[in-house]
Amino acid sequence: MNPHDEIQLIVDMIDDYAYLDGKLAELETQKSAIKALEMKNSSQPSIAGKEMDALASDAFMGFIQQLEDVKQKHTSLKLKIETAKLKVEVWRTEQATNRQMEKITR
């Protein structure tokens, strides 16, 4: 394992991760607005009825699908970065162990 490759992998993913992180934050803030707009368009007399209509609307369901897609990509990228970090840490530990073994066997 080459730690430089893992570090480069992290560097290469920075912009994509930052974009997805921002997009996820944007979508989370839009969620309430879309729900409110759909509730406003509902013909139901009660708040509960309006909320049910809003949550079942095509607009809200499409939004939820988009949110899920971005969350999946964000999580996948985050885990790839974390895995690369762990690989570097394992390599560092192995190197330290190897140095200790060299000292002992001298």
Side-chain angles (χ1 to χ4, degrees):
M1 200 263 326
N2 184 346
H4 301 289
D5 292 343
E6 298 302 320
I7 293 167
Q8 188 60 51
L9 180 70
I10 293 169
V11 170
D12 292 345
M13 288 190 250
I14 288 172
D15 289 339
D16 290 339
Y17 183 79
Y19 170 79
L20 288 172
D21 202 48
K23 188 68 175 169
L24 191 56
E26 176 188 343
L27 290 173
E28 289 291 348
T29 59
Q30 286 179 355
K31 186 176 180 181
S32 296
I34 291 171
K35 181 179 168 184
L37 288 171
E38 291 301 311
M39 286 178 73
K40 180 181 172 186
N41 294 334
S42 173
S43 61
Q44 294 291 324
S46 70
I47 297 295
K50 289 180 181 292
E51 185 174 21
M52 284 176 33
D53 279 356
L55 297 178
S57 71
D58 290 340
F60 193 77
M61 295 303 285
F63 170 79
I64 292 298
Q65 184 60 53
Q66 181 184 7
L67 179 61
E68 287 176 2
D69 290 345
V70 171
K71 277 188 176 185
Q72 185 272 329
K73 290 174 184 172
H74 180 265
T75 301
S76 176
L77 202 53
K78 181 179 179 178
L79 291 174
K80 286 177 184 176
I81 290 168
E82 290 300 316
T83 300
K85 288 179 185 178
L86 287 172
K87 286 179 180 180
V88 171
E89 286 303 312
V90 167
W91 177 83
R92 288 180 65 206
T93 301
E94 288 172 348
Q95 295 304 305
T97 301
N98 291 343
R99 285 191 300 275
Q100 283 296 97
M101 292 302 290
E102 285 178 17
K103 286 181 185 178
I104 291 171
T105 58
R106 284 186 192 173

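Note that the structure is predicted; figures quoted are calculated from it, not measured.
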- request: Kindly determine whether Thr83 and Glu6 satisfy side chain to side chain contact (heavy atoms under 4.5 Å, CB included), including the steps that lead there.
  value: CA-CA 9 Å; Thr83 300; Glu6 298 302 320; over 6 Å; no
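- Rounded to the nearest 0.5 Å, atoms OG1 (Thr97) and CD (Gln95) are 9.0 Å apart.
- The side-chain heavy atoms of Lys23 and Gln66, taken from C-beta on, include a pair separated by under 4.5 Å.
- Rounded to the nearest 0.5 Å, atoms CD1 (Ile34) and CD1 (Ile64) are 8.0 Å apart.
- Put simply, Ile10 and Leu77 are part of the same group of oily side chains (I, L, V, M, F, W, Y) that touch within less than 4.5 Å, one to the next.
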Steps toward salt bridge (charged side-chain N to carboxylate O under 4.0 Å, His left out) verdict (Glu82, Lys85): CA-CA 5 Å; Glu82 290 300 316; Lys85 288 179 185 178; 3.3 Å; yes
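- Using a 4.0 Å cut-off between charged nitrogen and carboxylate oxygen, Glu89 and Arg92 count as a salt-bridge pair.
- Between Ala84 and Leu9, the shortest heavy-atom contact is CB-CD2, 4.2 Å.
- Under a cut-off of 6.0 angstrom, the local environment of CG in Asp58 is sparse, with at most 12 non-hydrogen atoms contributed by other residues, nucleotides or ligands.
- Grouping the Ile, Leu, Val, Met, Phe, Trp and Tyr side chains by contacts below 4.5 angstrom, directly or via other members, places Tyr19 with Ile81.
- In this structure, the separation between CG on Leu20 and NZ on Lys78 is 12.5 Å, given to the nearest 0.5 Å.
- How far CD1 of Ile7 is from CH2 of Trp91: 8.0 Å, rounded to the nearest 0.5 Å.
- Among all heavy-atom pairs drawn from Ala56 and Met61, the shortest one is O-CG, 4.0 Å.
- Connection of Leu67 to Leu55 is established within a shared hydrophobic cluster, with ILVMFWY side chains joined at heavy-atom distances below 4.5 Å, either directly or through further cluster members.
- Lys50 and Pro45 get closest at one heavy-atom pair: CE-O, 4.4 Å.
- Atom OG of Ser42 is separated from atom CG of Leu37 by 12.5 Å, given to the nearest 0.5 angstrom.
- Annotation: the span from Met39 atom CE to Ser32 atom OG amounts to 11.0 Å, rounded to 0.5 Å.
- Asp69 pairs in a side-chain hydrogen bond (donor to acceptor under 3.5 Å, both in side chains) with only one of the listed residues (Gln65, Gln72, Lys71), which is Gln65.
- Remark: Asp15 CG is loosely packed, at most 12 non-hydrogen atoms of other residues, nucleotides or ligands lying under 6.0 Å away.
- In this structure, the side chain of Thr29 engages the main chain of Glu26 through a donor-acceptor pair within 3.5 Å.
- The pair Lys35-Glu51 meets the salt-bridge criterion, with a side-chain N (NZ, NE, NH1 or NH2) lying under 4.0 Å from an Asp/Glu carboxylate O.
- Salt bridge annotation for Glu102-Arg99: absent, with no cationic side-chain nitrogen under 4.0 angstrom from a carboxylate oxygen.
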- request: For side chain to side chain contact (heavy atoms under 4.5 Å, CB included), just list the numbers for Phe63 and Leu27, CA-CA rounded to whole Å, side-chain angles, deciding distance to a tenth of an Å, and then say yes or no.
  value: CA-CA 8 Å; Phe63 170 79; Leu27 290 173; 3.6 Å; yes
Tyr17 vs Lys80, side chain to side chain contact (heavy atoms under 4.5 Å, CB included): CA-CA, chis, key distance, verdict: CA-CA 10 Å; Tyr17 183 79; Lys80 286 177 184 176; over 6 Å; no
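- A donor-acceptor pair under 3.5 Å is absent between the side-chain atoms of Ser76 and the main chain of Lys73, judged by distance alone.
- Around the CE atom of Met101, the shell of radius 6.0 Å holds no more than 12 heavy atoms that belong to other residues, nucleotides or ligands.
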